[in-house]
Amino acid sequence: MSSKKLVVIINASPKVKTNPSVSGYLSGLQESYMEASGIDIHHINVRENLSSKDTDKDFEIMRKADAIIFNFPLYIFCLPGMLMHFLQDYVTYRKDGPAAGTTAEASAVFSGKSVQRIYAVVNCGFPEAYINEEAVNVIKSFSRKIGAMFRFGVLLGSGGMIIGNLDYPVMKTMKAGLEEAFQTLADDILKEGQDSIENKSYEANFPRRLYLFMGNRFWYSEAKKNGLKKKALYQRPYLK
Amino acid sequence: MKALILSDKEFRTKQYEALSELVIGHLKKKGFETKEYAIGREDLAFCMGCFGCWVKKPGECVISDQIASINYKYINSDVTIYLSPVIFGQFSANIKNALDRWLPNILPFFERRPDGSTIHPGRYNSYAKQIFIGYGDDLEPEDAKLFEDIIKKHRRNTEVLIYTDSSEFLQELEKIELRKVGSRI
């Protein structure tokens, strides 16, 4: 077998550091599975990368990695603009940077590695996981453009319940699903799996009506913390 | 009648120029007053997922830049046309930034749609019709289909077209009713 594998775990949540994100949390979970499998890890926080002066350093590591995992939230039914900037910049780097003209396949053959693998882990606040499907397909399209091999996506509904709640009974299926998905991911990188793997979808095992009710209550209480009354949430500031 | 046009400053290709001329001509012929915002990388900050537009300053983004005037124009227009490069099957980064920060225009609550899926309800009683026109050189059919799916599958009252240098494109554009839609978006 070739040398130790390197995976780049990308947290592409647009949230600022002081505001914990589901994508950051999931990146941390993946880290433990990679470590246990003896895979080297490089983390990239997209917001930090784009505001740093040296984005190319991360891009070069991405170019050489055996695998890349994209973790991001669904924004208006697809990828956040911030992640699109990062991907567009990366494609430009691949086209015009120091390794210009080198396809992922060519690099792989040259270095004796298999073609780079790409995975997408997408979460949304709605209960339905399937809404993330198009976003996974965007990462699939990106993979084609850089000559990498898209492997599978993990689609998560009820994203708002993931942090801090995985040990509750209603999240039992979600927790088991994430464990299975991230183990499959680590094995796939390590064993250079060739068989296709279906996308994996998980949602909270929670009555939908209750999820929506609690979600709605949450916004009222958040507004109250900011000194706003219920009615203020419905303001229409741009009405002429 | 008013129309708002959003375009991407970073993709001023020949195709864009032809498309823009055609769309502006079409709107002019229909008697629209148009306002275009060409969005560049420095014009809009990234949405930071803080939900301040829902619980701190309802209806307005807490980041102060061009988005306030874009959203104001959107609410007070009859039609909004996005001229978007199709990148990996979705909107380009600059157009997507404007769309991410369109969030103040809807309410935070969850609503169940007839097909059983969830959506956020509208904040206003009526909205400009959103028309998304994708363009790109050597566009893969798979990417064009994905662009359409992203726009149509989970949204109501939107239109999507892929620009091609053909008479059919103009015919398709002609078919679209250029007027406000209700609160269902």
Side-chain angles (χ1 to χ4, degrees), chain A residues 13-16 19 21 47 50 73 75-89 91 125-128 130-131 133-135 137-145 157 208-209 211-213 215-216 218-226 228 232-240, chain B residues 10 41 44-52 54-60 68 71-76 87-105 107-112 116-120 123-125 140 142-143 145-147 149-151 153-155:
Chain A
S13 167
K15 285 186 191 292
V16 291
N19 197 359
S21 70
R47 186 174 272 281
L50 288 172
Y75 270 31
I76 321 274
F77 305 115
C78 52
L79 274 60
M82 188 186 83
L83 176 54
M84 282 303 287
H85 263 302
F86 180 80
L87 298 184
Q88 285 176 205
D89 287 354
V91 167
F126 290 155
E128 306 90 11
Y130 73 86
I131 295 176
E133 201 181 313
E134 286 75 34
N137 288 335
V138 172
I139 296 294
K140 207 172 179 176
S141 170
F142 161 77
S143 307
R144 279 201 308 274
K145 307 290 181 294
R208 205 156 161 277
R209 192 177 282 183
Y211 183 87
L212 302 193
F213 173 76
N216 292 346
F218 170 79
W219 298 115
Y220 289 132
S221 80
E222 285 298 296
K224 203 174 169 188
K225 284 182 201 162
N226 295 317
L228 296 180
L233 263 73
Y234 298 86
Q235 276 167 11
R236 293 169 173 173
Y238 296 142
L239 261 195
K240 247 183 189 171
Chain B
E10 288 179 28
R41 183 176 279 246
L44 294 179
F46 304 130
C47 171
M48 51 186 183
C50 68
F51 299 118
W54 284 347
V55 296
K56 276 189 185 158
K57 217 175 152 190
E60 292 175 89
N71 282 338
Y72 177 85
K73 291 270 183 218
Y74 163 71
I75 292 301
N76 293 290
I87 312 284
F88 319 132
Q90 78 157 64
F91 316 100
S92 65
N94 289 328
I95 295 291
K96 189 63 202 332
N97 264 351
L99 283 169
D100 290 347
R101 295 185 58 205
W102 167 90
L103 197 71
N105 301 316
L107 291 172
F109 311 112
F110 290 132
E111 195 178 80
R112 202 171 179 163
S117 63
T118 313
I119 198 154
H120 297 295
R123 177 179 294 280
Y124 296 88
N125 287 333
E140 290 176 15
E142 228 168 331
D143 281 353
K145 170 76 173 62
L146 181 53
F147 187 73
D149 283 349
I150 286 171
I151 292 158
K153 265 176 98 171
H154 311 290
R155 271 186 265 211

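Numbers restart at 1 for each chain; the letters A, B, ... are given by sequence-line order, proteins then strands.
Under a 4.0 Å N-O distance rule, the pair E142(B)/K140(A) does not qualify as a salt bridge.
Looking at K145(A), its side chain never comes within 3.5 Å of a backbone N or O of I87(B) through a donor-acceptor pair. Side chain of R208(A) to backbone of G116(B): a donor-acceptor contact under 3.5 angstrom is found. Between the side chain of Q90(B) and the backbone N or O of L79(A), at least one donor-acceptor pair lies under 3.5 Å. Side-chain N or O atoms of E128(A) include one that pairs as donor or acceptor with a backbone N or O of T118(B) at under 3.5 Å.
Between H154(B) and Y130(A), the angle of the ring planes lies from 30° to 60°, which puts this pair in the tilted group. Relative orientation of the F126(A) and H120(B) rings is tilted, given thresholds of 30° and 60° on the angle between their planes.
Atom-to-atom distance recorded for F88(B):CZ and Q88(A):CD is 6.0 Å, nearest 0.5 angstrom.
Every residue two or more places apart in sequence or in another chain was checked for a side-chain contact (heavy atoms from CB on, under 4.5 Å) with K224(A), and none qualifies. Under the rule for a side-chain contact (heavy atoms from CB on, under 4.5 Å), the partners of A232(A) that lie at least two apart in sequence or sit in another chain are L228(A), Q235(A).
At least one side-chain heavy atom of V138(A) sits under 4.5 Å from a side-chain heavy atom of I150(B). Side-chain contact check for V55(B) versus K225(A): every heavy-atom pair is 4.5 Å or farther apart.
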